[in-house]
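So that the names make sense, note that chain A is the first sequence line, chain B the second, and so on, each numbered from 1. Values below: every heavy atom of this structure, side chains too, minus hydrogens, waters and symmetry copies.
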Number of protein chains: 2
Amino acid sequence: MRALNRVIYSLPRAIDADMLREQGLPLIEYLTLMHLSEAADRQLRMSELATICELSLSGMTRVVQRLEAQGFVQRVRCEQDARGWNAVLTDAGFARLEQAWPTNLAATRRHFIDHLAGLDLKQLAAAMQKIAS
Amino acid sequence: MRALNRVIYSLPRAIDADMLREQGLPLIEYLTLMHLSEAADRQLRMSELATICELSLSGMTRVVQRLEAQGFVQRVRCEQDARGWNAVLTDAGFARLEQAWPTNLAATRRHFIDHLAGLDLKQLAAAMQKIAS
DNA sequence: AGTCCTTGCTTGACGAAGCAACTATACGGC
DNA sequence: GCCGTATAGTTGCTTCGTCAAGCAAGGACT
């Protein structure tokens, strides 16, 4: 139980540190790009993005500001609702995601997956799907 | 893989939020008390505490300052090395830990363990030990 | 003892994220 | 069409954690 607590707390920190060191891309920005890349038309409303990233709306505003400044995301007014903004993944953003992807995978393996000897990874994957939803 | 990323990122946030809402005790402070309670004489050097909590030394200084202000730990000079300080868990700190423990357990269950149907929890526990070390 | 380097910890400055207050747009009732 | 309320996002302020610099004590070499 202690060990579980420690792992839960330190795993994202370890992965974030790796991403930052090897790619200069914080985990939260990577995840934001990742979620955008999977969305229809590679775009999402700010509020949807915030929800899916489990971030406050104001936090999301700032992440997108940083990504926009780097040219990875563009903000466009929502057509149906002029209050809303869509964050759109640019080609540069998609390329950045592809570039950073192996690092994320390697970090996740190194800090987590490689230690799961004896566990049924298929079932684990199913459980993750369930938790994430 | 996406799901795993999301879970790794959001699980500690969810548990921290629960701890804060139900106990007013952030996860990092809970973990600090927990680690101290398990140490010999319920005390640890600042640097050991920082390492075990996977926090920077300066971050640990600040956490211990907050815990000290609440009366949950005391700081005493290290006998063998006057540069060092030991953080000592007080009785009040131990009581606080016992009080917060069920909330932590419940949160961990709710957000994680309960979703692991079909997995061998013994092996998972072993894997966690391995990762944590 | 005196000088120099190292180690343990704290402090100052800064970036990141949250909450609450604010602005702008939408929508329902009249 | 006009008013009041609700919703989408941003901004100001505060808090937390990190890095780099600082300080104080240890330890080595002379």
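At a cut-off of 3.5 angstrom, the base of D/dG12 holds at least one donor-acceptor pair with the side chain of A/R62. Remark: the B/S56 side chain and the D/dC19 base include no donor-acceptor N/O pair separated by less than 3.5 Å. Between the side chain of A/S58 and the base of C/dC19, a donor-acceptor pair under 3.5 Å is found.
Counting non-hydrogen atoms under 4.0 angstrom, A/Q65 reaches the backbone sugars and phosphates but no base. Heavy atoms of B/R75 sit under 4.0 angstrom from primed sugar atoms or phosphate atoms, though from no base atom. Looking at heavy-atom distances under 4.0 Å, A/S47 makes contact with sugar-phosphate atoms alone, never a base.
Heavy atoms only, all atoms of each residue included: B/D18 and B/T103 are closest at O-CG2, 4.3 Å.
Between B/R66 and D/dG17 there is a side-chain polar atom (N or O) within less than 4.0 angstrom of OP1 or OP2. Proximity of A/R13 to the phosphate of C/dA16: no side-chain N or O atom is located under 4.0 Å from OP1 or OP2.
Judged by distance alone, the side chains of A/Q23 and A/R96 do bring a donor and an acceptor atom under 3.5 Å apart.
Salt bridge annotation for B/R13-A/E54: absent, with no cationic side-chain nitrogen under 4.0 angstrom from a carboxylate oxygen.
Look at CG on B/L25: it is 12 Å from P on D/dC16, rounded to the nearest Å. Residue B/I28 contributes atom CD1, which lies 10 Å from atom C1' of D/dG17 at whole-angstrom precision. To the nearest angstrom, C1' of D/dA6 lies 8 Å from CZ of A/R83. One atom, CG of A/L67, and another, P of C/dA17, lie 11 Å apart when rounded to the nearest Å.
Side chain of A/H115 to main chain of A/R110: a donor-acceptor pair is present (N/O by atom type, distance under 3.5 Å, no hydrogens or angles).
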